Amino acid sequence: MADLIERLLDGLPADAVLTDPDVTRAYAGDMAGFCPPGEPAVVVLPRTVEQVQHVMRTATATRTPVVPQGARTGLSGGANASDGCIVLSLLRMDRILEVDPVERIAVVEPGVVNAALSRAVAEHGLCYPPDPSSWEQCTIGGNIGTASGGLCCVKYGVTAEYVLGLEVVLADGRLLHTGRRTAKGVAGYDLTRLFVGSEGSLGVVVKAVLALRPRPPRTRVLAAEFPSARAAGDAVCRIMADGHTPAVLELMDRTTLRAVNDLTRMGLPETTEALLLAGFDTADPAGDLRAVALLCEAAGAVEVVPAEDAAESELLMKARRSALVALEAVKGTTMIDDVCVPRARLADMLDGVAAIAERHGLTIGVCAHAGDGNTHPTVCFDAADPEESARARLSFDEIMALGLELGGTITGEHGVGVLKKEWLAREIGPVGIELQRGVKEVFDPLGLLNPGKLF
């Protein structure tokens with residue numbers, strides 16, 4: 001331990017090396033439940049690429065595991081420390097290095113907060129579309145590590161579609177450049193995409209070239225109330241089949257609506273079984289909303305209410321963004337699932353989750369990025385009650401099994417981390433696991449980077 005700290009201090013300032021157990025414990029884990037973190041040996045907070053390289057060279061020389069971290073807002077344990085590891089926090093590497101409105105790119109360090117980047121590029125008439133619900137806290141490096149999504153994915157896609165190039169410090173300290181700054185480029189294997197979603201297991205991202213888009217008009221939203229999940233799912237299918245491309249298409253079930261009302265006092269309708277929010281940022285949002293309102297009514301909506309203005313639209317979106325926090329307040333602890341299914345099976349997923357909740361006597365609220373089939377069933381339970389906690393964990397696994405049965409995937413945007421390792425193996429099979437481990441060995445032959453994650 002003393003040798004490790006001494007070696008780290010050879011290339012890092014003293015204030016970048018934290019060893020007090022009370023301090024390092026605060027960096028031990030992310031927001032995932034049921035996967036307790038280990039005890040890190042040390043936390044380092046570099047400010048430069050060269051300092052990250054020094055950390056990785058030291059780790060290789062001493063054979064010490066390294067766990068890269070961003071803001072620790074993840075929900076799968078992907079940023080959890082392992083016993084005796086170096087926690088490599090990238091929060092101090094938080095500079096926006098360049099915004100180029102001609103090439104429509106931004107060059108950033110990994111510790112830049114998603115919302116800070118969005119505000120910075122807005123000054124140039126541009127936007128960075130990926131917008132996780134934690135966008136005011138989560139970092140670009142963490143977004144890249146988990147290939148995160150957000151509320152606007154139905155129109156604009158996920159993080160992977162906006163990462164053009166990377167600088168990555170490899171396990172042995174070498175610096176790798178991937179990708180490009182140009183609008184097009186197909187030279188060699190797409191290593192950039194390989195790192196996106198790798199959860200820090202292949203290298204440490206220290207710089208990213210991100211694609212930007214022109215800033216769209218403010219989104220106008222309507223709220224449609226449905227008597228059943230089946231009717232709401234039918235509406236989603238009608239909207240997509242009719243050729244519409246909403247900027248947001250979000251769903252909250254009755255349990256979630258009640259929780260949001262209890263937290264925010266917004267007065268959302270609690271008698272409806274599902275509330276669908278459809279929003280457009282087109283030149284004529286009113287026309288788009290009228291067309292979607294008719295489709296919702298044809299699917300069985302009992303009421304469709306367009307927002308009167310941008311402020312009311314933002315209020316509806318605020319309600320959706322409050323859903324996970326509101327559900328946490330129901331019992332004090334939540335397990336947030338992240339199962340993505342084909343849009344046509346969305347209603348089956350919602351009905352199946354309701355049956356699981358009833359079978360286990362639990363409160364499970366569902367909010368969803370309905371436009372891309374990405375559901376977030378959220379199990380509410382009392383962590384101080386061992387029996388209820390056991391039922392919560394069992395229901396979580398049953399929800400993932402249901403997603404796979406419906407032709408879906410165990411994670412649409414939160415990643416695998418520790419929480420879903422077993423389920424990754426079930427989804428991709430033994431050949432897939434063998435090949436992914438082979439890729440890992442090429443980049444990290446000593447197995448030092450984020451050990452115990454993914455597989």
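Owing to the predicted nature of the structure, the values given are computational and were not obtained by experimental measurement. Note that these values count all heavy atoms, side chains included, but never hydrogens, waters or copies made by symmetry.
- With hydrogens and angles disregarded, no donor-acceptor distance shorter than 3.5 Å links the side chain of K453 to the backbone of V416.
- Put simply, the side chain of P130 reaches to within 4.5 Å of the side chain of Y162, judged on heavy atoms.
- In R95, the CZ atom is not crowded: 12 or fewer heavy atoms of neighbouring residues, nucleotides or ligands sit closer than 6.0 Å.
- A cation-pi arrangement, defined by a distance under 6.0 Å to the six-membered ring centre and an angle within 45 degrees of its axis, is absent between R213 and Y156.
- With a 6.0 Å radius and a threshold of 12 heavy atoms from other residues, nucleotides or ligands, E387 has its CD atom above the threshold.
- Side chains of T411 and M400 form no contact here, defined as non-hydrogen atoms less than 4.5 Å apart.
- Minimum heavy-atom separation, L448 to A59: CD1-O, 3.7 Å.
- Between F34 and F381, the distance from one ring center to the other falls under 6.0 angstrom.
- Counting non-hydrogen atoms of other residues, nucleotides and ligands closer than 6.0 Å to CZ of R426 gives a total above 12.
- A donor-acceptor pair under 3.5 Å is formed between the side chain of T60 and the backbone N or O of A171.
- Within a 6.0 Å sphere centred on CD of E434, heavy atoms belonging to other residues, nucleotides or ligands number 12 at most.
- Around CD of E441, the count of heavy atoms belonging to other residues, nucleotides or ligands within 6.0 Å does not exceed 12.
- Residues T139 and L91 meet the side-chain proximity criterion, which asks for heavy atoms closer than 4.5 Å.
- Under the 3.5 Å distance criterion, the side-chain polar atoms of K421 are matched with a main-chain donor or acceptor of G452.
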